[in-house]
Amino acid sequence: MAKTPQAIRGTQDIFGADAEAFAFVVETFERVRRLYRFRRVEMPVFEKTEVFSRAIGETTDVVSKEMYSFDDRGGESLTLRPEFTAGIARAYLSNGWQQHAPLKVATHGPLFRYERPQKGRYRQFHQIDAEIIGAGEPQADVELLAMADQLLKELGIEGVTLHLNTLGDGGSREAWRAALVEHFRAVKDELSEDSQERLEKNPLRILDSKDRRDRRFVADAPKIDDFLSDEARAFFDTVTGGLDAAGVKWTRAESLVRGLDYYRHTAFEFIPAEGSEAAGKLGSQSTILGGGRYDGLMESLGGAPTPAVGWAAGIERLAMLCEGKGTEKLEIAIAAENVEREGDAAEMVSIFRRRGFNAELFATGSPRKRFDKARKAQPAILISFDIRDGQRTQTLTVAGTGYGREADASKIFADRWTEVNR
RNA sequence: GCGAUCGUAGCUCAGUUGGUUAGAGCGCCGGUUUGUGGUACCGGAGGUCGCGGGUUCGAACCCCGUCGAUCGCCCCA
């Protein structure tokens, strides 16, 4: 016997209730995205490596050690997309989508990151994504966040709060960064090993270190608010005011920074409240939706300065919070308890399906056990075809209670079989 | 990349200080029973105990390696 190959580490074969919850997330996203008039885009799954290395930043973990890169037959370095934003930005520039600005787009699909798999984290994972490109006004941030908030509500996800911060404009961010480096360099030897390295590569990240050795120095670290320009402050105030007006609850998270180089101004994450049911289901992967403004990104790809905001959310993580959703109850189960009635049963099931009912036929295996099999499928209505004492019989049993289409279903059945026995 | 735990039937698992032919429940297939009914019983298929090596008279069990899974660190969705 030939050996069955294994799936690639960190990939998933999603099936059953998990797959239904996954589809529920995507379908809900598609519906909400239309409400906000975001246009659907389909993007390549791979790009030239430089699209990501230039847009995301060479020093980030994503680029420096998590990309699936390979040379194609022409010797060009290509990379399986680790995120959507860089590819969308590239498409915006190379297709002249400036003519549509401000452009609201949404997409979803697989992303790839070479990481150690764990709960809520995979090497091939899936995101939903929304971007507003060519809009520099804070109202764009508000609209984008309102959509995210409504999406989570329509998914029925509870106990998740919007953590909001501003990184200021380019000048503010640099000044703050410099002050942070100075602050932490003074106590460098007392920081954790990880943070000593962060000091050089990404000092902002020290702020959300979990290490106790770092926490002491984080408390009195310089605050972004002290470095904000008047414009940056006004921008953030407009965003928060707009969220309040839109009824979106948020909380200020001064130490929230995003890992990628391109973020400016607004940065945000939706995170489950500590100790909540949602937090328990997610394990240590707490962020379910994150994003921000990336006004500098287009320039890094050689385009004109173009303001933009966007977010992405992990479908798997959202689906973990939507357990059991998306699975539809079986409406009609039809059992052929006698081989000679299989034709009638098959006809009945197709009638129901054409009338818009989901229906399943039980006409295989031992005829005596088909009724029990049908019942185990827990249908709202169970129809049985049989022959008893030489008489053909067909019965309709309402198995569940509170089934809204019971009358319709009964009528469809009665229209075909005017007598129960004949 | 680092750390911890774990790999036995399709699924969930048991398997004594190492000792005959590795078990159960569920599921699947067949039969009987019941006959407006989620019944009960009988039988069957299905495992080179993740893979490779070692220790031993003898390994599912002990040791090493490897692959995979899970959880955590890092980072992120």
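We name chains A, B, ... by the order of the sequence lines, and we start the count at 1 in each one.
- Heavy atoms of A:Gln378 sit under 4.0 angstrom from at least one base atom.
- Among the protein residues, A:Tyr122 comes within range of the nucleic acid bases, having at least one heavy atom under 4.0 Å from a base atom.
- Of the side-chain N and O atoms in A:Arg113, none sit less than 4.0 angstrom from OP1 or OP2 of B:C76.
- Using a 4.0 Å cut-off, some side-chain N or O of A:Ser284 falls inside it from OP1 or OP2 of B:G72.
- The shortest distance between the side-chain N/O atoms of A:Lys376 and the OP1/OP2 oxygens of B:G27 is below 4.0 Å.
- Within 4.0 Å (heavy atoms only), A:Lys369 reaches at least one base atom of the nucleic acid.
- Phosphate proximity of B:C75 to A:Arg198: present, with a side-chain N or O under 4.0 Å from OP1 or OP2.
- In this structure, A:Arg81 forms no cation-pi arrangement with A:Phe46, as its terminal cationic atom is not both closer than 6.0 Å to the ring centre and no more than 45° off the ring axis.
- Look at A:Ser366 and you'll find a side-chain N or O under 4.0 angstrom from OP1 or OP2 of B:G31.
- If you check every strand for non-hydrogen atoms under 4.0 Å, A:Arg258 touches sugar and phosphate atoms only.
- Residues A:Glu143 and A:Lys104 form a side-chain contact, since some pair of their non-hydrogen atoms from C-beta on lies under 4.5 Å apart.
- Contacts of A:Gly291 with the nucleic acid, taken as non-hydrogen atoms under 4.0 Å apart, are absent.
- Side-chain N/O atoms of A:Glu115 and base N/O atoms of B:G1 include no donor-acceptor pair closer than 3.5 Å.
- Within the 4.5 Å cutoff, the side chain of A:Arg123 has heavy atoms near those of the A:Arg9 side chain.
- Comparing the same atom, C1', in B:A9 and in B:C26 gives a spacing of 12 Å after rounding to whole Å.
- In this entry the distance linking CG of A:Asp208 with P of B:A77 reads 12 Å, nearest Å.
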